[in-house]
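Contents: one structure, followed by commentary.
Positions are given from 1, in the same order as the sequence printed here. Both counts, for ligands and for their atoms, begin at 1 and track the order of listing.
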Amino acid sequence: MAMTHERYWPGYRRPPEGTHPAYLEPRYVSTLKRAPTKPLVLLPHTLSEITGPVFGWNDIRADDHDLTKQHRGEPIGERIIVGGRVLDEEGRPIPHTLVEIWQANAAGRYRHDIDQHHAPLDPNFTGCGRTLTDASGIYRFTTIKPGAYPWNNHPNAWRPAHIHFSLFGPSFCTRLVTQMYFPGDPLLERDPIFLSVPSDLARCRLIASFDWETTIPQESLSYRFDIVLRGREATPFESPAGGQR
Ligand SMILES: [Fe+2]
């Protein structure tokens, strides 16, 4: 009997309304140039979108999760732990999946040629890390709290402190690129990228919670950032139209 892949490989639910930013967000000026001008063509989820690819298992080094140990000296800034769980659209943990982060240093400067902000670089901080979730879907990084930085979106524009995240999950359909923010940041209510996420509840899912239980005395404070790949409680994309600040 002929069997179709749809019978055995059900597709993922489509993103719910109010979770992800619109492609065109006038306050986020770059979207004016890159937002699609024609309706999108929705492609069916076939075997290749649902079952692969899987990245990174062989490429993770022991210290990749600790951004404070990648150079001879310690970086300047407030040492923090950032960790949480990665869940699927049914609330189940996603084990052994790649989580990557990149961020500015404590002064709000990226180690990148395009970043010419006149804040100092830190010779002991690159700002990139990666790790795999464990069998329970838990990940954990040690890093430095990033600084806010100015950008050219509008007069006196400042990005709130944030950490960029990339996750592949188990398939093409679960790829997520987003930004994690810190609780209580006064710049959040002025940030067009954060505000481009349509609903208050979805925006709240981009803000880490201060996690007293996992702080390390005399060492570091801790933040928890749980991530949901797709589904009703999905973590919003930073911008489906691409681009990262
Ligand atoms: Fe950024």
message: Can you tell me if, anywhere in Q179, an N/O/S atom lies at a distance from the Fe ion (ligand 1) that is smaller than 2.8 Å?
response: no
Please table the atom pairs, donor to acceptor, closer than 3.5 Å between any side-chain atom in residues 127-138 and protein atoms at least two apart or in another chain.
from : atom 1 : to   : atom 2 : distance (Å)
R130 : NE     : D64  : OD2    : 3.0
R130 : NH2    : D59  : O      : 3.0
T133 : OG1    : I94  : O      : 2.8
T133 : OG1    : H96  : N      : 2.8
T133 : OG1    : T97  : N      : 2.9
D134 : OD1    : S136 : N      : 2.7
D134 : OD1    : G137 : N      : 3.2
D134 : OD1    : I138 : N      : 3.0

field: R190 atom CZ: more than 12 heavy-atom contacts under 6.0 Å
entry: no
message: Strictly under 2.8 Å, is the Fe ion (ligand 1) approached by any N, O or S atom of Y149?
response: yes
statement: Among the N/O/S atoms of H162, the Fe ion (ligand 1) lies closest to NE2
field: Pair T143, R79: side-chain N/O donor-acceptor within cut-off below 3.5 Å
entry: no
- request: May I have the step-by-step check of side chain to side chain contact (heavy atoms under 4.5 Å, CB included) for N153 and Y28, ending in yes or no?
  value: CA-CA 7 Å; N153 186 74; Y28 182 7; 4.0 Å; yes
